[in-house]
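Working notes for the structure below.
Computed from heavy atoms alone, side chains included, the values below leave out hydrogens, waters and symmetry copies. Start at 1 and go down the list; that is how both ligands and their atoms are numbered.
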Amino acid sequence: MTNLWKRTLLMTGATLFSSTAVYAQTPDLSDPPDIEGDVITEDLGSHNIRVGIGLAESSPLYISTQHFGDILSERTEGRLTVDVFPNSQLGDDAQMMEMLQTGTLDMTIPSTSPATSYVEELAVFDLPFLFPTREAAIAVLESDVALDLLDKFEDSDIKALAYHENGYRQLTNSERPVESPEDVAGLDVSGLTIRTMENPVQLSIWEALGANPTPMAFGEVFSALEQGVIDGQENPWSTILTSNFNEVQDYGSETRHVYTPFIIMMSMRTWDKLDPAYQELIEEAAQEAAAYEIQLATEYDEWARDQLEEKGMEITRLDEEQIKAFQEAVQPVYDEWTPEIGEDLVTEIQDIVESTMSDE
Ligand code: KDG
């Protein structure tokens, strides 16, 4: 089944994979950009690149990674091919990053949050309400200060190729509508038990809000929600929809409390096997796939929220005052973590945000 055919069916809302047995709908997404650039006609070797991701086939992450594969295949006359393994089927983010180090997996695309175990400074992206707009977030991701952090993965035998967008995180839960930090903490009831990514700053955020944060790999979240082990979780709307969390979550709150990037990364063992011409092509293809993924994630975001509402999730939109109450409640996270992450780095990124906002 060709990647283009898969994507076409996905866009028509068809289900390709019986694993979820739920029609994986997608919005009327933009087609991938035309594949341009020189074709490498010289036989520099054939390689099948295996990519493990945590999200579903209908996610912007999966669709853009398929496009990454199409670029490589088309521009090497099929000598480079890519197989994408979704739904955490090869492991969770932490396990797949370890597999890159041992060379048992070629690529994975985790959020920055679990990747802080390799590059601690990436925790800057876990700081709450850091990016007022997507434009400010992308300006930071394109900045030298952010790109320099990708280079640090080489100390761990990982070649980090590009950032793209996981997105603005929203809270969902099965207990009650949430429009204030008090609703999270529960005044006369216990605080919500919220699953977080395995990252200390994420834990601090939900502790500051009076929740009971529970770090957990992404692949375990649906069953933990279904069994009532946790009350809620937080992810972008597109992830909540494509992972069917609405089947086990009644309430959503448009908190936009963190903007999480993804990182496209390759095992250095795979990278080192590749001819320099292939390496150059892979860097180009990663940039093109990243740009396409950000476009898809942008198109998906509000559409997914509206789909969730249509499917019965009660979504609370928060006004400026209500968001301000959350921002004030999580200020201690900056007090605790800015010195840990590095004052200079945090300030440099806040300065980029400020200059972007003044240009908007
Ligand atoms: O493949 C990416 C997912 O595994 C994960 O990073 C998504 O934001 C995420 C989460 O909540 O773990």
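- Side-chain atoms of Glu293 and Ser64 form no donor-acceptor pair, as typed in the model, at a separation below 3.5 Å.
- With respect to Arg79 and Asp43, a salt bridge is recorded, a charged nitrogen being found less than 4.0 Å from a carboxylate O.
- For the pair Val184 and Arg176, the tightest heavy-atom approach, listed with the atom from each and the gap, is O-NH2, 3.3 Å.
- Using a 4.0 Å cut-off between charged nitrogen and carboxylate oxygen, Lys324 and Glu328 count as a salt-bridge pair.
- Scored by the salt bridge (Lys or Arg N to Asp or Glu O under 4.0 Å) test, Arg169 finds Glu234 as partners (sequence neighbours excluded).
- In this structure, Leu127 is a member of the same hydrophobic cluster as Phe131, with clusters built from ILVMFWY side-chain heavy atoms closer than 4.5 Å.
- Closer than 4.0 angstrom to ligand 1 by heavy atom are Ile53, Gly54, Leu55, Leu61, Asp93, Ile109, Ser111, Asn166, Arg169, Arg195, Met197, Phe218, Asn235, Phe262, sorted by chain and number.
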